[in-house]
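Written out below as structure tokens is the structure these notes cover.
Proteins get letters first, then strands, A, B, ... in listed order; numbering begins at 1 in each.
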Amino acid sequence: DAKTTQPPSMDCAEGRAANLPCNHSTISGNEYVYWYRQIHSQGPQYIIHGLKNNETNEMASLIITEDRKSSTLILPHATLRDTAVYYCIVRVGGATNKLIFGTGTLLAVQP
Amino acid sequence: GAVVSQHPSRVICKSGTSVKIECRSLDFQATTMFWYRQFPKKSLMLMATSNEGSKATYEQGVEKDKFLINHASLTLSTLTVTSAHPEDSSFYICSAGESSGANVLTFGAGSRLTVL
């Protein structure tokens with residue numbers, strides 16, 4: 001079962017930052033926080049992941065609270081192409097450990 | 001970066017026939033691959049874990065005789081939907097991570113199966 005809670009939907013204006021929250025209050029010490037997104041009728045796309053430190057890459061930033069019970073994915077300048085379902089997943093790292101998807105957040109970027 | 005390829009991207013078949021979907025890791029080796037299915041407007045549901053050289057591990061409620069998984073090499077896993085029925089129509093997606101310990105799983109583009 002998914003161990004994260006996300007709002008079902010959010011809106012964001014084009015060009016503004018999109019901040020997507022995720023609660024994972026039962027996260028274990030060896031579990032990472034992963035973010036994927038799925039644009040309609042495509043396979044999920046990896047965005048970013050982190051263990052306890054904040055992370056940034058060319059797509060997004062990930063802010064993890066000190067107690068690791070929640071996190072926020074930040075898309076700094078949202079575009080229409082960022083409209084997608086965003087999934088926050090906690091998972092033990094490694095190639096053999098499965099990803100269990102919850103219901104995610106549908107982010108609609110408005111022009 | 002890691003690339004996972006699925007084939008076919010779309011397939012239409014008649015009820016009662018079997019359909020095979022391939023999942024390939026193009027530039028890395030994967031001892032483990034994962035198969036998901038997704039219904040319209042729903043999230044991805046993990047069906048099974050495909051293990052190279054051994055039997056797949058199926059999630060609760062997934063019929064192993066219905067969804068045959070073969071992981072014949074370090075770069076190829078196949079999902080065969082046997083005796084397909086209209087209710088098997090779905091979006092099937094695979095994912096894999098590099099065996100040497102990658103933390104990131106890469107997903108294929110998915111295969112849309114329509115059973116008439």
Side-chain angles (χ1 to χ4, degrees), chain A residues 1-9 22 27-53 55 57-60 62 64 83-108, chain B residues 1-7 9-10 21 23 25 28-52 54 56-62 71 74 90-112:
Chain A
D1 292 333
K3 296 185 285 185
T4 63
T5 304
Q6 298 177 252
S9 64
C22 179
I27 191 170
S28 301
N30 62 345
E31 287 181 315
Y32 291 77
V33 179
Y34 288 82
W35 283 85
Y36 282 78
R37 72 180 183 184
Q38 186 179 28
I39 296 170
H40 183 62
S41 294
Q42 297 182 21
Q45 177 190 23
Y46 166 79
I47 301 173
I48 199 167
H49 76 287
L51 186 62
K52 53 184 177 181
N53 296 323
E55 301 288 344
N57 63 20
E58 64 279 3
M59 289 183 68
L62 173 60
I64 303 174
T83 293
V85 178
Y86 287 76
Y87 295 98
C88 168
I89 304 167
V90 296
R91 167 186 179 262
V92 176
T96 60
N97 294 308
K98 50 194 176 184
L99 271 170
I100 302 298
F101 285 79
T103 53
T105 295
L106 173 58
L107 174 69
Chain B
V3 178
V4 173
S5 173
Q6 278 187 246
H7 178 81
S9 58
R10 293 177 180 272
I21 300 169
C23 178
S25 55
F28 65 98
Q29 294 184 332
T31 55
T32 303
M33 294 185 177
F34 302 93
W35 286 97
Y36 296 81
R37 69 186 300 184
Q38 185 176 33
F39 292 109
K41 299 187 183 300
K42 298 295 185 181
S43 186
L44 284 80
M45 184 193 79
L46 179 66
M47 299 175 67
T49 301
S50 174
N51 304 300
E52 188 270 335
S54 64
T57 304
Y58 290 82
E59 296 297 305
Q60 190 173 9
V62 178
H71 196 143
L74 288 171
S90 189
F91 193 47
Y92 293 89
I93 311 167
C94 70
S95 73
E98 192 164 359
S99 300
S100 59
N103 281 327
V104 175
L105 297 184
T106 301
F107 285 78
S111 299
R112 186 162 301 283

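Taking the ring centroids of B:Tyr36 and A:Tyr36, they lie at or beyond the 6.0 Å cut-off.
Residue A:Thr96 holds its OG1 atom at 13.5 Å from CE of B:Met33, rounded to the nearest 0.5 Å. Here the straight-line distance linking atom OG1 of B:Thr32 with atom NZ of A:Lys98 works out to 11.5 Å at 0.5 Å rounding.
B:Leu105 is not listed as a side-chain neighbour of A:Tyr34, based on a closest heavy-atom distance of 4.5 Å or more. Proximity of A:Gln38 to B:Ser43: side-chain heavy atoms (C-beta onward) are nowhere separated by under 4.5 Å.
Across every non-hydrogen atom of A:His49 and B:Asn103, the tightest pair is NE2-CB, 3.8 Å. Closest approach of B:Lys42 and A:Tyr87 over heavy atoms only: O-OH, 4.4 Å.
Only the side chain of B:Glu59 comes within less than 4.5 Å of a heavy atom of chain A; its backbone N, CA, C and O stay farther away. Heavy atoms of B:Ile93 lying under 4.5 Å from chain A belong exclusively to its side chain. Residue contact with chain A, scored on non-hydrogen atoms closer than 4.5 Å, involves the side chain of B:Leu46 exclusively.
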Inset, instruction - Apply the test ring pair (Phe, Tyr, Trp, His ring centres under 6.0 Å) to residues B:Phe107 and A:Phe101: give CA-CA distance (whole Å), side-chain angles for both, the deciding distance (0.1 Å), then the verdict. - result: CA-CA 13 Å; B:Phe107 285 78; A:Phe101 285 79; 5.7 Å; yes
Inset, instruction - Just do the side chain to side chain contact (heavy atoms under 4.5 Å, CB included) check on B:Phe34 and A:Leu99 with the steps written out, would you? - result: CA-CA 9 Å; B:Phe34 302 93; A:Leu99 271 170; over 6 Å; no
